[in-house]
Number of protein chains: 2
Amino acid sequence: MTAYEELAARFKALAHPVRLQIVDILRRGDACVCHMETALGRRQAYISQQLMVLREAGLVDSRKEGLQVFYRLSDHVTEDLLNTALGAVGESQQPVLTGCPCPHCSTSAVTSVS
Amino acid sequence: MTAYEELAARFKALAHPVRLQIVDILRRGDACVCHMETALGRRQAYISQQLMVLREAGLVDSRKEGLQVFYRLSDHVTEDLLNTALGAVGESQQPVLTGCPCPHCSTSAVTSVS
DNA sequence: AGACTGTATTCATGGTTTTGAATGTGAGGA
DNA sequence: TCCTCACATTCAAAACCATGAATACAGTCT
């Protein structure tokens with residue numbers, strides 16, 4: 001696979017508004033699926049589908065913690081691309097949610113501004 | 001159109017190996033279609049098709065000069081994204097071709113390293 | 001005008017993506 | 001064990017993308 005093909009695959013995974021929103025959230029640090037579900041106001045299955053695309057493209061890693069699954073960006077390239085295209089993390093379009101906002105895990109999970 | 005949708009459209013246009021090659025060539029400055037045709041070893045119609053995608057996404061501008069058409073990147077964002085993902089212009093994968101390499105316009109056009 | 005040259009467009013077809021709906025899975029608690 | 005919760009996967013239909021082949025178009029030259 002050439003460098004161009006690899007980069008094209010990365011861009012392809014990012015070429016979707018909802019996946020960009022997800023990645024924008026993950027720029028600030030780990031997040032569980034229920035966090036994204038609340039933040040984006042989308043059905044859980046849909047979020048999970050988009051996360052699968054990002055996972056298969058190697059852009060995110062996941063880690064299981066009890067019932068929840070936390071996602072994070074797997075390298076710095078994606079973050080750098082977002083910084084280039086959307087501006088620094090501080091200027092992110094996504095609301096900063098401290099503590100997981102979803103009804104069930106709000107007291108346990110911590111999503112801090114990196 | 002939200003910021004995410006706009007960025008997704010840009011990434012979508014870049015999510016193709018040949019279009020990335022084209023943009024990589026254009027990072028160094030203007031280039032005519034026959035230049036790209038020679039540099040990439042692809043049929044002219046195919047190059048033109050990919051250029052149309054880039055044009056419609058607003059990533060490149062074109063300018064006619066006699067029989068030839070010269071293309072250039074239309075803003076700095078695309079260039080910055082390539083720099084982030086592929087490294088500085090000097091490290092480009094594309095061979096530096098000084099003077100248009102195609103058989104017909106080799107003596108007139110100039111494609112200099114920016 | 002007619003021919004040629006560089007570039008653009010159209011068309012057809014096969015492949016891939018998108019998305020809602022439904023269902024599966026595995027960990028934890030009663 | 002059985003239930004629930006958080007998440008993942010499968011399926012199917014519509015929309016969209018990729019690409020070869022053929023053709024159109026607009027300058028330039030004679």
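Because the structure is a prediction, the values reported are computed rather than measured. Within every chain, numbering begins at 1; the chains are lettered A, B, ... in the order of the sequence lines, protein sequences first and strands thereafter.
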Where along residues 10-20 of chain A does a heavy atom come under 4.0 Å from DNA chain C, residue by residue in number order? Lys12(A), His16(A), Arg19(A)

Find out whether Leu59(B) and Leu14(B) are in side-chain contact, i.e. whether some heavy atom of one side chain is under 4.5 Å from a heavy atom of the other. yes

Polar side-chain atom of Arg19(A) near backbone of Ala13(A) as donor-acceptor pair, under 3.5 Å: yes

Please enumerate all residues that pass ring pair (Phe, Tyr, Trp, His ring centres under 6.0 Å) together with Tyr71(A), with sequence neighbours excluded. none

Closest nucleotide of DNA chain C for Glu65(A) versus for Val53(A): which of these residues is on the 5' side? Val53(A)

What is the distance from CD of Gln50(B) to C1' of dT9(C), rounded to the nearest Å? 14 Å

Any side-chain heavy atom of His35(B) within less than 4.5 Å of one from Asp30(B)? no

Met36(B) CE - dT7(C) C1' separation (whole Å): 11 Å

With each end axis built from five pairs of C1' atoms, what bend angle do you get for the helix from dA1(C)-dT30(D) to dA30(C)-dT1(D)? Round to 10°. 10°

With Asp61(A), which residues qualify under salt bridge (charged side-chain N to carboxylate O under 4.0 Å, His left out), at least two apart? none

I'd like to know if Ile22(A) and Val53(A) are part of one continuous hydrophobic network [Ile/Leu/Val/Met/Phe/Trp/Tyr, side-chain heavy atoms within less than 4.5 Å]. no

Qualifying ring-ring contact (aromatic ring centres under 6.0 Å, His included) pairs, either residue in residues 8-27 of chain B, two or more places apart: Phe11(A)-Phe11(B)

Quick note, side-chain hydrogen bond (donor to acceptor under 3.5 Å, both in side chains) partners involving residues 4-15 of chain B, not counting sequence neighbours, are Asp24(A)-Tyr4(B), Gln94(A)-Tyr4(B), Arg10(B)-Asp75(B), Arg10(B)-Thr78(B)

Do Gln68(A) and Phe70(A) have side chains that get closer than 4.5 Å, going by heavy atoms? yes

Summarise protein proximity over nucleotides 7-13 of chain D in one line of letters, 5' to 3': B for base, S for sugar-phosphate only, - for none, counting protein heavy atoms closer than 4.0 Å. BBBB---

Just the atom pairs and distances: protein N or O near nucleotides 12-14 of chain C's N or O, under 3.5 Å.
none

Could you tabulate the donor-acceptor pairs under 3.5 Å formed by side-chain atoms of residues 39-50 of chain B, not counting sequence neighbours?
none

ILVMFWY cluster, Val77(B) and Leu20(B) together (side-chain gap under 4.5 Å): yes

Check salt bridge (charged side-chain N to carboxylate O under 4.0 Å, His left out) between Glu65(A) and all other residues, then give those that pass, not counting sequence neighbours. Arg63(A)

Whole angstroms only, please: what is the CZ-C1' distance between Arg63(B) and dG6(C)? 15 Å

If two hydrophobic side chains count as joined below 4.5 Å and joins carry through other members, does Met36(B) share a cluster with Val69(B)? yes

Rounded to whole angstroms, how far apart are CZ on Arg43(B) and P on dT7(C)? 15 Å

